[in-house]
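Written out below as structure tokens is the structure these notes cover.
Each chain gets a letter, A, B and so on, in the order its sequence line appears, and its residues count up from 1. The structure displayed is predicted, hence computed values, not measured ones. All values below come from the heavy atoms of this structure, side chains included, with hydrogens, waters and symmetry mates left out.
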Number of protein chains: 2
Amino acid sequence: MFSKACEYGIRAVIYIWSQNTKGVKLGVKDICKEIDAPEFFTAKILQSLAKQDLVSSTKGPNGGFYISDDQENMRLLDLVKAIDGDKLFKGCGLGLKQCSESHPCPIHNDYKAIRENLAKLLSEKTIKGLAKEVVSGKATLSTILE
Amino acid sequence: MFSKACEYGIRAVIYIWSQNTKGVKLGVKDICKEIDAPEFFTAKILQSLAKQDLVSSTKGPNGGFYISDDQENMRLLDLVKAIDGDKLFKGCGLGLKQCSESHPCPIHNDYKAIRENLAKLLSEKTIKGLAKEVVSGKATLSTILE
DNA sequence: AATTAAAAAGACATTTTTATCTTTAATTAG
DNA sequence: CTAATTAAAGATAAAAATGTCTTTTTAATT
């Protein structure tokens, strides 16, 4: 469903959020150790997200990634779109160029429903909310069983 | 969502079905022209499906692909699994190895619901049913507008 | 100012997916 | 039996995704 890049990106951002107390920045190395993701590959993804202003970063000693105030309301949908684009949310399920309401492929309506369902879910989930679940212990990003 | 291979495979099989009058076999070339798919690539997919006994084929003059009686009840789910495997239906949405009911990732339950929804849809749709919609004109596989 | 630590950027490598072409095997028609 | 036709199999290639390493830039600390 999601690309590897997207999986790592989501995990990284949720983790950053879960550690996001005022003024704290997290280095890529720390993040990747925690979420068990390839370091340089994940760095690229975070850099791209920083460029798109979904996360913030600073260089230099004590630098790292963090979430600024105006990035607090990021939805999971925004994150997925920033990494994987919107191909998951548009276009025909069978890859037909001409598929439309008036010229539908055989799974058009059902596929549309699934997709809208997915988009709805992803738009209702905020990163803040997901991080909260991790902080509270209801959910986890760690691959190591406690 | 689906791979290109899967998109071509689904389109090809629905098309075969839609033309499946007793004794008629369709060549790869004809199929691909109709569904606008790359010929040799689609041939590989159909060969794999034939090996897995989801479709039938014969070589030689007037040979081609067709659906035999015991293949009539193929579900869309069977087809997707035969081409893309079951990675879409199992495993964590965020790629965590240890994700489970007792150790869930932050989107575990929602993602599970989406996935079950998708699996349900795909298992309810038979190729026969989809082909019928194409035959009746309610749906289409063609990229050319009528 | 010099050193250090970190992200950013760029280059490179590997793997997977997608796609094409060629050769072989099987079957039918003549 | 021979020729023609078609799927099957194999080889190769191109593109995209994934992953790693090196160099550059920026910023803080000493």
Could you write out each protein N or O paired with an N or O of nucleotides 14-16 of chain D at a distance under 3.5 Å?
none

Between [N] atom [atom2] and [X] atom [atom1], what is the distance in whole Å?
X        : N       : atom1 : atom2 : answer
Phe2(A)  : dT18(D) : CZ    : P     : 13 Å
Asp84(B) : dT16(C) : CG    : C1'   : 13 Å
Leu54(A) : dA7(C)  : CG    : C1'   : 17 Å
Asp53(A) : dA7(C)  : CG    : P     : 18 Å
Gln47(B) : dC21(C) : CD    : P     : 16 Å
Ile45(A) : dT18(D) : CD1   : P     : 8 Å
Leu49(B) : dA8(D)  : CG    : P     : 10 Å
Leu26(B) : dT6(D)  : CG    : C1'   : 13 Å

Applying side chain to side chain contact (heavy atoms under 4.5 Å, CB included), name anything that partners Asn109(B), two or more places apart in sequence or on another chain. Glu101(B)
Per nearest nucleotide of DNA chain C, the residue lying toward the 5' end, Thr58(B) or Lys87(B), is Lys87(B)
Over all heavy atoms of both residues, which pair between Gly9(B) and Leu79(B) is shortest? Give the atoms and the distance, please. O-CD2, 4.4 Å
Kindly give the heavy-atom pair with the smallest separation between Asp84(A) and Phe2(A), and that separation in Å. OD2-CA, 3.7 Å
Walk me through it: do Ser68(A) and Gln71(A) pass the test side-chain hydrogen bond (donor to acceptor under 3.5 Å, both in side chains)? CA-CA 5 Å; Ser68(A) 69; Gln71(A) 292 161 340; 3.1 Å; yes
By the Watson-Crick or G-U definition, both distances under 3.5 Å, dA13(C) is matched with dT18(D)
Side-chain donor-acceptor pair under 3.5 Å between Ser48(B) and Gln52(B), yes or no? yes
So, is Lys51(B) near the phosphate of dA9(D), with a side-chain N or O under 4.0 Å from OP1 or OP2? yes
State whether Ser57(B) places a side-chain N or O below 4.0 Å from either non-bridging phosphate oxygen (OP1 or OP2) of dA8(D). yes
Ion pair check, Lys81(B) and Asp78(B), cut-off under 4.0 Å: no
Letter per nucleotide, 5' to 3', of nucleotides 19-26 of chain D [B base touched, S only sugar-phosphate touched, - untouched; heavy atoms, 4.0 Å]: BBBB--BB
Check the angle between the aromatic planes of Tyr8(A) and Phe41(A) and answer parallel, tilted or perpendicular using the 30° and 60° thresholds. perpendicular
When rounded to the nearest 0.5 Å, the distance separating CD1 of Ile127(B) from CZ of Arg75(B) is 10.5 Å
Enter the distance from Ile83(A):CD1 to Ile10(A):CD1 here, rounded to the nearest 0.5 Å. 6.0 Å
NA contact type, Ile31(B), heavy-atom cut-off 4.0 Å: base, sugar-phosphate, or nothing? nothing
